[in-house]
Amino acid sequence: MNREKLKTAKRIVIKIGTSSLILANGKINLKNIDELAFMLSSLQHEGYEIILVTSGAIGVGLNVLGLDKRPAEMAQQQALAAIGQVELMSLYKHTFARYQQKISQLLLTNDVIEFPESRKNASDALNATLSLGIIPIINENDAVSVDEMDHKTKFGDNDRLGAIVTTLSDADLLIMLSDIDGLYDKNPTIFDDASLIETVSEITDHLMKAAGGAGSRFGTGGMTSKLEAAKLIFGAKKQMVLTNGARIWEIRDILEAKKKGTYFGQ
């Protein structure tokens with residue numbers, strides 16, 4: 001459980017949640033997107049290999065249509081995802097271009113990852129894209145994935161997708177940007193004496209029980225899903241840091257092994 005290993009990370013997956021992309025009033029957080037593009041472009045230019053796993057398609061779709069909450073019907077949610085994904089990628093394309101960085105898009109569903117041949121194809125595409133100096137931007141294909149009882153096509157949330165992409169790409173590190181500074185021993189929005197847990201070497205039943213519920217009204221992730229993602233990271237013998245997406249600049253501090261967020265490692 002040594003943060004010093006963070007200094008050796010070269011291939012890095014950054015996962016950003018909807019709460020870091022959409023403001024509380026439903027507007028798109030253009031400042032955060034610009035800071036993210038600047039930071040990731042800078043790291044890519046310095047020799048790091050960067051993969052961005054992004055949420056936000058439905059949240060951006062809500063913004064485009066001027067809606068303030070998700071519709072209950074699955075088909076309408078899928079339509080929102082299709083509308084929002086176009087706008088989200090357009091924002092990323094133009095923002096990354098300011099910093100002379102090219103991007104690509106890869107949309108995944110769970111069945112692609114579970115089937116060996118398509119999983120290899122996805123892995124090969126990622127490696128080829130990275131070899132060209134391009135930052136792949138990955139999202140779940142929400143317009144066609146359906147959360148059925150057998151979960152054949154849907155990942156469940158992009159926290160899990162971030163962990164899966166980390167293993168798929170054989171990345172060294174997953175940095176998960178959320179709306180909280182890290183993992184606390186109790187809910188910091190309720191308890192004033194809540195303490196940030198700096199390091200985690202095992203996901204215990206106690207930790208899972210202490211995890212909160214769902215995320216914001218624009219997103220689906222909560223602390224439970226982040227701990228489930230951490231389980232996958234531990235299983236693959238990778239590293240993960242959970243930190244606040246409102247402070248994009250701390251990504252560099254994390255790569256310098258400074259104590260930011262919660263470090264998950266063994």
Side-chain angles (χ1 to χ4, degrees), residues 1-9 12-24 29 31-32 35-36 39 43 53-56 156-164 166-167 171-266:
M1 192 168 59
N2 184 359
R3 281 185 187 250
E4 288 298 308
K5 292 192 296 183
L6 293 169
K7 293 180 179 179
T8 65
I12 302 156
V13 176
I14 311 288
K15 186 268 172 179
I16 189 163
T18 300
S19 61
S20 299
L21 298 171
I22 306 294
L23 297 167
N29 193 335
K31 176 177 178 292
N32 244 22
E35 290 180 356
L36 181 71
M39 174 58 69
L43 292 173
V53 174
T54 185
S55 299
D157 59 69
N158 276 7
D159 294 333
R160 181 168 177 262
L161 177 59
I164 288 172
T166 302
T167 61
D172 304 306
L173 170 65
L174 168 61
I175 299 178
M176 193 172 289
L177 302 176
S178 184
D179 57 357
I180 195 168
D181 291 345
L183 176 64
Y184 284 80
D185 60 353
K186 60 184 75 172
N187 191 331
T189 64
I190 299 175
F191 301 98
D192 293 335
D193 62 342
S195 298
L196 180 71
I197 301 172
E198 291 187 349
T199 57
V200 174
S201 59
E202 181 184 9
I203 306 300
T204 63
D205 290 341
H206 175 73
L207 278 178
M208 293 301 299
K209 289 177 181 177
S216 73
R217 62 195 174 106
F218 300 106
T220 58
M223 192 56 67
T224 300
S225 69
K226 290 166 178 56
L227 294 183
E228 292 289 353
K231 284 184 180 180
L232 295 176
I233 291 296
F234 281 134
K237 301 187 184 308
K238 303 293 184 181
Q239 305 177 89
M240 177 178 122
V241 176
L242 173 62
T243 193
N244 200 318
R247 297 192 292 273
I248 301 292
W249 60 88
E250 290 187 354
I251 290 175
R252 192 171 293 280
D253 292 331
I254 289 169
L255 296 177
E256 293 173 358
K258 296 178 182 178
K259 289 185 177 181
K260 302 293 182 181
T262 299
Y263 172 73
F264 296 80
Q266 295 173 325

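Rounded to the nearest 0.5 Å, atoms CD1 (I254) and CG (L173) are 7.5 Å apart. Atom-to-atom distance recorded for I14:CD1 and I251:CD1 is 4.5 Å, nearest 0.5 angstrom. Taking CG from L242 and NZ from K260, the interatomic distance works out to 14.5 Å, rounded to the nearest 0.5 Å. One distance of note links CD of E250 with CG of L177; it measures 10.0 Å at 0.5 Å rounding. With rounding to the nearest 0.5 angstrom, the CD1 atom of I175 is 5.5 Å from the CD1 atom of I12. The OG1 atom of T262 sits 5.0 Å away from atom CG of L183, with the distance rounded to the nearest 0.5 Å.
Across F234 and V200, no two heavy atoms sit closer than the pair CZ-O, 3.3 Å. Summarising the geometry of S20 relative to G245, their closest heavy-atom pair is OG-CA, 3.6 Å, with the distance given to 0.1 Å. The two residues A171 and V13 have their closest heavy-atom pair at CB-CG2, 3.7 Å. Nearest heavy atoms, L21 versus G56: CD1-CA, 4.3 Å. The shortest non-hydrogen separation linking N244 to D181 is ND2-OD1, 2.8 Å.
Salt-bridge formation is not detected for the pair D253/R247: no Lys NZ or Arg NE/NH1/NH2 atom is positioned less than 4.0 Å from an Asp or Glu carboxylate oxygen. With respect to D172 and K238, no salt bridge is recorded, no charged nitrogen being found less than 4.0 Å from a carboxylate O. Using a 4.0 Å cut-off between charged side-chain N and carboxylate O, R252 and E256 make no salt bridge.
Counting heavy atoms from C-beta on, the side chains of S178 and K15 never come closer than 4.5 Å. Taking 4.5 Å as the limit, every side-chain heavy atom of F191 sits out of range of all side-chain heavy atoms of D185. In this structure, T54 and N158 have side chains that are not in contact, with every pair of non-hydrogen atoms separated by 4.5 Å or more. Looking at heavy atoms from C-beta onward, I180 lies in side-chain contact with M223 at the 4.5 angstrom threshold. Looking at R160 and L232, their side chains come closer than 4.5 Å, going by heavy atoms from C-beta outward. Proximity of V53 to I164: side-chain heavy atoms (C-beta onward) are nowhere separated by under 4.5 Å. The closest side-chain heavy-atom distance from K231 to M208 is below 4.5 Å.
Of the N and O atoms on the side chains of Y263 and Q239, at least one donor lies less than 3.5 Å from an acceptor on the other residue.
Heavy-atom neighbours of D193 CG from other residues, nucleotides or ligands within 6.0 Å: above the threshold of 12.
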Start with the C-alpha distance between L207 and I197, add both sets of side-chain angles, then the distance that settles side chain to side chain contact (heavy atoms under 4.5 Å, CB included), and finish with yes or no.
CA-CA 11 Å; L207 278 178; I197 301 172; 4.0 Å; yes
Under the criterion salt bridge (charged side-chain N to carboxylate O under 4.0 Å, His left out), I'd like the reasoning laid out for K259 against E198: C-alpha separation, chi angles, the key distance, then a yes or no.
CA-CA 7 Å; K259 289 185 177 181; E198 291 187 349; 3.6 Å; yes
Give the intermediate values and the outcome of side chain to side chain contact (heavy atoms under 4.5 Å, CB included) for residues M176 and L174.
CA-CA 6 Å; M176 193 172 289; L174 168 61; 3.8 Å; yes
